[in-house]
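Note sheet for the following structure.
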2 protein chains.
Amino acid sequence: MHAAARFADYLSRKRLKMTRERRVILEQVLAARGHFGVDDLQEILRKAGHTVSRASLYRTLPHLVESGLVHKLEMAKGQARYEPMVGRHHHDHMVCLECGKIIEFESREIERLQDRVCRRKRFSMTGHTHQIRGYCDGCAGRRGPRAGGPDPQAHRV
Amino acid sequence: MHAAARFADYLSRKRLKMTRERRVILEQVLAARGHFGVDDLQEILRKAGHTVSRASLYRTLPHLVESGLVHKLEMAKGQARYEPMVGRHHHDHMVCLECGKIIEFESREIERLQDRVCRRKRFSMTGHTHQIRGYCDGCAGRRGPRAGGPDPQAHRV
DNA sequence: ACAGATACTGCAACTCAGTCTCAATTATCG
DNA sequence: CGATAATTGAGACTGAGTTGCAGTATCTGT
C-alpha cells in the first residue's frame, strides 16, 4: 500500500482529517533520507516553500509514528529524532558521542533473544529501543585507542 | 573496594571535594533499593533529615554515574532515573507502559551479539541502552490479550 | 594547624523541548 | 450545501535540567 494512502487510511479510521499541513509534512518526511529532529523538519519544510507551525509538527509526528510510516528515536536529554520507515525493516542505532553520526544495525538474532527474554518474563512487548553509544571508526581513531574511560552515559549526543 | 572509598578516590583524582552533601547523597543512593528519579531522591534525603538543593543533586549524580557507582536510565521525554550499581552486574530494562514498573533482564548472549555487531561496524562501544517497552504480566492481562495496537513509542512510560 | 586557592552550595533566573489553550479556519459527512 | 468536529498558529505554559552569582566549605602546602 502506498504511503500516502496508508496515512489517509490511518486518519480516516481515527476520524482525523487529511489537511494541507499533514500532506506536506508526510511528503517531506518521506523524502528525507536520514534522521532528523523537529527543527530540522521545520527547516526542510520552509525550504520547500511551506510554513507549518511547530505545534502542528508536534501534533502530526505522533500520528506518522503510530501509523508506522515513521520511527521515533529517543536520544539523550529527551531530544527526539525521526526517520522514515517506508519500505524498510526494523533496525537499531549506534550513536557516535564525538560527531553525532548515527549508524544503523540490525540483528535477527538479537531480536530473537529479546523475544525469548520477554516470554520468560511474561512481558508483552510492543516495542523496544536498543542504542549503542561510543565512537565511530573515524572518531575513535582521532581520539586514540582506548581513550575516554567509562561511558559518560549519554551526557552528550 | 568500598563504595565510599571508590567515590573519594574518583573525586580526588579529579581534584573535586568530598562535601557533606555528596557524602549524604552517596549514602542514601546506595541504600536505595530500586530505581528513583531526582525528585524521589530529594524526598528520600528529606526523610533522612538532610536538605540538599536540586541543583546539587543534578551536579552530583553525574559524578556518581561517571565513577560507576550509579547507573542512569534515560526514560521517555527525557525523564532520567537512577539505580545503584554497587556489587551488581550490568542488566537492561523492560518498562511497563501501564503501571510504570521496571523489570530487569540480562542476557549474556545479547551482549555477545552486540559486541560482534560493534566489531563488524568498527564501532568502539562505551555503553548502551536496551529498553523494552510493553505491558507486564498483570497489566497485559487486565488490558486483555492483544490490545493496544502499535507501539505508542514511549509517549508514556 | 593555618592560610590561600579552589571547588561547592543554594537560590533564582534561565533554557529548551514539548504541550496546551483559544479563537479562527477547514475538512468531512449527510 | 451546511452542520459538526477536527485543525491550525500564536503564544503562554510546563517540567526537567542548567547556570551565574555571592557566600561558604574543603583541600593543599607549609
Side-chain angles (χ1 to χ4, degrees), chain A residues 4-5 7-26 35-43 45-46 50-67 70 72-82 100 152-157, chain B residues 4-5 7-26 35-43 45-46 50-67 70 72-82 100 152-157:
Chain A
F7 191 45
D9 184 58
Y10 163 86
L11 290 176
S12 80
R13 266 187 293 105
K14 286 216 152 193
R15 249 110 256 213
L16 301 177
K17 296 171 179 173
M18 176 59 92
T19 63
R20 184 185 64 77
E21 286 78 4
R22 287 180 179 160
R23 227 185 312 270
V24 183
I25 291 171
L26 174 65
H35 310 79
F36 56 87
V38 173
D39 289 345
D40 301 329
L41 179 54
Q42 191 164 35
E43 180 60 13
L45 286 162
R46 200 192 54 67
H50 304 290
T51 10
V52 178
S53 69
R54 267 167 36 90
S56 288
L57 293 178
Y58 279 113
R59 283 187 281 232
T60 298
L61 282 165
H63 290 310
L64 289 173
V65 169
E66 203 179 333
S67 65
V70 169
K72 179 180 182 179
L73 310 181
E74 304 275 359
M75 309 296 279
K77 297 194 187 177
Q79 290 156 4
R81 299 188 71 73
Y82 298 84
Q153 197 55 39
H155 288 155
R156 314 168 52 175
V157 164
Chain B
F7 191 44
D9 184 58
Y10 163 85
L11 290 176
S12 80
R13 266 186 295 103
K14 284 217 151 191
R15 248 112 257 213
L16 301 177
K17 294 170 182 175
M18 175 60 91
T19 64
R20 185 185 66 77
E21 286 77 4
R22 287 181 180 161
R23 227 184 312 267
V24 182
I25 291 171
L26 174 65
H35 310 78
F36 56 88
V38 172
D39 290 344
D40 302 328
L41 179 53
Q42 190 164 36
E43 180 61 13
L45 286 162
R46 200 192 54 67
H50 304 290
T51 9
V52 178
S53 68
R54 267 167 38 89
S56 288
L57 294 179
Y58 279 115
R59 284 188 279 232
T60 298
L61 282 166
H63 290 309
L64 290 173
V65 169
E66 203 178 333
S67 64
V70 170
K72 179 180 183 180
L73 310 181
E74 304 274 358
M75 310 295 280
K77 296 193 186 177
Q79 290 156 2
R81 298 188 72 73
Y82 299 85
Q153 198 54 41
H155 288 156
R156 312 170 52 178
V157 163

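For the numbers below, each heavy atom of this structure counts, side chains included, while hydrogens, waters and symmetry mates do not. Proteins get letters first, then strands, A, B, ... in listed order; numbering begins at 1 in each.
With rounding to whole Å, A/Leu41 atom CG is found 15 Å from C/dA17 atom C1'. Nucleotide D/dG11 holds its P atom 16 Å from the CG atom of A/Leu57, rounded to whole Å. Between the CZ atom of A/Arg23 and the C1' atom of D/dT8 there is a distance of 15 Å, rounded to whole Å. Remark: P of C/dT28 and CG of A/Asp9 are 13 Å apart, rounded to the nearest angstrom. Taking atom CZ of A/Phe7 as the reference point, atom C1' of D/dT7 lies 12 Å away to the nearest angstrom. Rounded to an integer number of Å, the gap from A/Tyr10 OH to D/dA6 C1' is 14 Å. Remark: C1' of C/dC11 and CD of B/Gln42 are 13 Å apart, rounded to the nearest angstrom.
A salt bridge links B/Glu66 and B/Lys14; the closest N-O separation between the charged side-chain nitrogens and carboxylate oxygens is under 4.0 Å. Remark: A/Lys72 engages A/Glu74 in a salt bridge, criterion side-chain N to carboxylate O under 4.0 Å.
Side-chain contact check for A/His35 and A/Tyr82: no donor-acceptor pair (N or O, by modelled atom type) lies under 3.5 Å.
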Between protein and nucleotides 12-23 of chain D, map the contacts as a letter string: B base, S sugar-phosphate only, - none, heavy atoms under 4.0 Å, written 5' to 3'. ----SBBBB---
Derivation and outcome, side-chain contact (heavy atoms from CB on, under 4.5 Å), residues B/Leu45 and B/Ile25: CA-CA 7 Å; B/Leu45 286 162; B/Ile25 291 171; 4.2 Å; yes
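Closest non-hydrogen pair, A/Lys17 versus A/Leu11, comes out as O-CD1, 3.8 Å. Taking each heavy atom of B/Leu26 and B/Ala4 in turn, the nearest pair found is CD2-CA, 3.7 Å. Closest non-hydrogen pair, B/Val52 versus B/Ser56, comes out as CG1-CB, 3.6 Å.
Contact annotation: B/Ser53 side-chain N/O to C/dC11 OP1/OP2 distance is not under 4.0 Å.
Residues of residues 11-21 of chain A that place a heavy atom closer than 4.0 Å to DNA chain D, in numerical order, are A/Arg15, A/Leu16, A/Lys17, A/Thr19, A/Glu21.
Within the 3.5 Å criterion, the main-chain N or O of B/Leu73 finds no donor-acceptor partner in the side chain of B/Arg81.
Atoms CZ and CG, from B/Phe7 and B/Leu16 in turn, are 8.0 Å apart once rounded to the nearest 0.5 Å.
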